[in-house]
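So the structure is just underneath, and the comments pick up after that.
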Amino acid sequence: MTDLVFRDIDIIDGTGAPRSRGDVRIERGRISRVTAPGTYTGDAKVVDTAPGSVLAPGFIDMHAHSDLHLLTDPGHFPKVSQGITTEVIGQDGLSYAPIDDPSLAVLRRQIAGWNGNPVDLDFSWRSVGQYLDRLDQGITPNAAYLVPQGTLRLLVVGSEQRPATVPEIRRMRELLAQGLSEGAVGMSSGLTYTPGMYADTSELAALCAVVAEYGGYFAPHTRSYGKGALEAYAEMIELARSTGCALHLTHATMNFGVNRGRAPEFLALIDAARAEGCDITLDTYPYLPGSTTLSALLPSWAMSGGPDAALERIDDPAQRARIALDVNVNGSDGCHGVTVEWETIQISGVANAALDRYVGKTVQQIAAEGGTPPVEVFFDLLRRDQLATTILQHVGHEENVRAIMAHPGHMGGSDALLVGDRPHPRAWGTFPRYLGHYVRDLGVLGLEDCVHHLTGRPAARLRLSDRGHIFPGYAADLVLFDPATITDTATFEQPKQQARGIQHVLVNGEFVIQDGKPTGTLAGGALRMDTSRKETV
């Protein structure tokens, strides 16, 4: 590992303070000194820096879906090329640890649209600790893990829609405690995804109490971001209040027509709870459309029993008619309590190559081309792609996005799915879009403030005592970028495009991006929770 020095460079240290100018020395993967500009006289290699560049801590993606991608493509270019040096995975209540053989078989199919279903990957881990050990064998960025509540329920209760028994809740608490003791930073939930959505508030409270005991945080995908969104957020806030568990509201949005302009009401809920002492933060992505699987739009009852049971219901005329009534007339809880607007549902990826021609089109467009009702296109895609289809859901509002990102508890999270031919452009552009479009072009945030949102603030939430700032003794996770040119180039038509304006990215003191190009260095690993550091963000 080569000792390095950034000489006479503008430094944004991740605290939100105004930038300063200085020399930053890196030794053995850590920042050893930050001194006045031009005062370094040692023999470390001087890093080439373009005029106008600033040095910042590496960005922390608080909501990533790279659980398998880190293992199948450890270079992880889409994420590190935008300056991300740490990701938080295990999101939305569904991931791959802890598992046993039956639960793994279900998960590989159920969330293939999030992570793919690689046939040549060795899934031999079973515990959280074993999964983190696997990450330590070689990945480019760092990764922290949330124990997924839906996976716990699948492992202990199964896929059925029913309350958990007292012994089952006890067993889920034991597995959660084990995962936290092995290094997980908290727990996630996906409360519009099965089987996690079958948990009632009391079951979630029993689990949150364990998270609080270990000093982690709870990151729920709430029960709705559409109809009933405020009530769904209020349920999570009450969980934090009653259990003492830190709460991080992930991909915090107010979507669909029913919530246009209602972000101030949501933020007022958070502010009132924070004023009472509740530890609450949130993350967002700087785009209007969301991204998920097509099967997520199904009503929860239709997914009870797992993927095979769902496909059987789709093939049964009576059950199929009932599903159609929910998605078209009554409102599906899988679609946040609203009816599905087929013109907003754009196909972004398929597993079945025979369906490639539909990628980039909306369900409404496909229906019009074939002369069939949109709901029949929905059923046909679900069946032929075995529930693996991914979608973009164009349901966001710009005024809500801007209001929420300006909140003092806000952090950045890409929520990026890396599978499919036309993934959401946030997979390649989230962090440059914050710094370019929303900071430089629109002035929604100041540059130093935004860097704090993307670095120091999330590091505190994760209780990473040596990351998120440019301080002596901290790990050298760093990004060098030009505030005048940093730009996301990924679009919905061409999403796999590298951002501009980022010259270097270092993870643990090693270049993973140098002069805009990947080095192939696997410098990262699993970051386990520091149980000695408890603080309010």
Side-chain angles (χ1 to χ4, degrees), residues 59-82 84 86-97 99 107-118 121 123 128 131-132 134-135 139-151 184-193 196 219-221 225 248 250-253 283-287 289-296 348-349 351 387-393 411-431 458 490 495-496 524 526:
F59 306 139
I60 298 176
D61 186 345
M62 288 295 292
H63 191 105
H65 286 283
S66 308
D67 306 48
L68 299 186
H69 197 270
L70 284 164
L71 300 175
T72 59
D73 185 13
H76 216 41
F77 184 66
K79 305 304 281 295
V80 296
S81 66
Q82 55 178 296
I84 293 167
T86 294
E87 293 191 305
V88 186
I89 55 178
Q91 299 285 355
D92 291 336
L94 292 167
S95 189
Y96 305 91
I99 51 170
L107 287 164
R108 290 183 63 170
R109 295 183 60 197
Q110 182 174 343
I111 52 176
W114 294 1
N115 300 301
N117 187 9
L121 181 63
F123 284 90
V128 169
Y131 175 69
L132 297 181
R134 178 68 66 84
L135 295 178
I139 56 177
T140 298
N142 303 303
Y145 188 73
L146 295 164
V147 179
Q149 171 259 329
T151 298
V185 296
M187 180 182 74
S188 75
S189 283
L191 300 177
T192 65
Y193 300 123
H221 167 124
Y225 295 93
H248 182 79
T250 193
H251 48 49
T253 58
D283 68 64
T284 69
Y285 47 81
Y287 298 87
S291 179
T292 187
T293 58
L294 187 64
S295 63
S348 60
L387 309 184
T389 307
T390 54
I391 61 171
L392 304 181
Q393 203 167 4
M411 305 169 196
S414 70
D415 193 14
L417 304 183
L418 296 168
V419 299
D421 292 332
R422 301 243 323 240
H424 198 300
R426 63 196 184 193
W428 291 73
T430 292
F431 290 80
K496 298 181 181 182

Pair His424-Asp415, side-chain donor/acceptor within less than 3.5 Å = no

key: Considering all heavy atoms, the nearest Pro148-Ser188 contact   = CA-OG, 3.6 Å

request  = Fit a plane to each ring of Tyr131 and Tyr145, take the angle between them on a 0 to 90° scale, and name the class: parallel (under 30°), tilted (30 to 60°) or perpendicular (over 60°).
outcome  = tilted

key: Distance in Å, Ile111 CD1 paired with Asp92 CG, rounded so as to fall on 0.5 Å steps   = 9.5 Å

task = Would you mind reporting whether Val185 and Leu146 have side-chain heavy atoms less than 4.5 Å apart?
result = yes

message = Against the six-membered ring of Tyr287, is Arg426 placed for a cation-pi contact (under 6.0 Å from the centre, within 45° of the normal)?
response = no

task = Would you confirm whether Thr250, through its side chain, and Ala219, through its main-chain N or O, come within 3.5 Å as a donor-acceptor pair?
result = no

message = Quick check: do Thr293 and Leu387 have side-chain heavy atoms less than 4.5 Å from each other?
response = no

message = Quick one, Ile60 with Met411, criterion side-chain contact (heavy atoms from CB on, under 4.5 Å). Give me CA distance, side-chain angles, the key distance, then yes/no.
response = CA-CA 9 Å; Ile60 298 176; Met411 305 169 196; over 6 Å; no

Sequence neighbours excluded, every pair satisfying salt bridge (Lys or Arg N to Asp or Glu O under 4.0 Å) that has a member inside residues 59-71 = Asp61-Lys79

ask   = Does any non-hydrogen side-chain atom of Thr430 lie less than 4.5 Å from one of Pro286?
value = yes

ask   = Looking at CD of Gln110 and CG of Asn117, how far apart are the two atoms once the value is rounded to the nearest 0.5 Å?
value = 12.0 Å

key: Spacing of OG1 belonging to Thr140 relative to CD1 belonging to Ile84, to within rounding of 0.5 Å   = 12.5 Å

ask   = Do Thr151 and Ser95 have side-chain atoms, one donor and one acceptor, less than 3.5 Å apart?
value = no

remark   = side chain to side chain contact (heavy atoms under 4.5 Å, CB included) filter on Ala388, not counting sequence neighbours, yields Ala112, Ala351, Asp385

task = Please name all residues satisfying ring-ring contact (aromatic ring centres under 6.0 Å, His included) with Tyr96, sequence neighbours left out, ordered by chain then number.
result = none

For the student: nearest non-hydrogen atoms of Ala64 and Glu87, plus distance = CB-OE2, 3.5 Å

key: Ile391 to Ser348 - nearest heavy-atom pair and separation   = N-OG, 3.3 Å

task = First locate atom CG of Leu418, then atom CG of Leu68, and finally report the distance between them rounded to the nearest 0.5 Å.
result = 11.0 Å

request  = Please report the shortest heavy-atom distance between Pro495 and Ala490, naming the atom on each side.
outcome  = O-CB, 3.0 Å

task = Answer yes or no: is there a donor N or O on one side and an acceptor on the other, between the side chain of Thr390 and the main chain of Gly349, under 3.5 Å?
result = yes

query = How far apart are the closest heavy atoms of Leu417 and Gly113, and which atoms are they?
reply = CD1-O, 4.0 Å

ask   = Just one of His65, His251, His248, His63 clears the ring-ring contact (aromatic ring centres under 6.0 Å, His included) bar with His221, so which one?
value = His251

ask   = Within a strict 4.5 Å, meaning less than it, do heavy atoms of the Leu392 and Arg422 side chains meet?
value = no

query = Taking atom OG of Ser81 and atom NE2 of His76, what is their separation to the nearest 0.5 Å?
reply = 10.0 Å

ask   = What pair of heavy atoms forms the shortest contact from Leu135 to Ala143, and how long is it?
value = CD1-CB, 4.1 Å

query = Just how far is it from atom CD1 of Ile139 to atom CG of Asp73, taken to the nearest 0.5 Å?
reply = 12.0 Å

Minimum side-chain heavy-atom gap Pro78-Trp428 below 4.5 Å = yes

ask   = Which word best sums up how the rings of Trp114 and Tyr193 line up, parallel for under 30°, tilted for 30 to 60°, or perpendicular for over 60°?
value = perpendicular

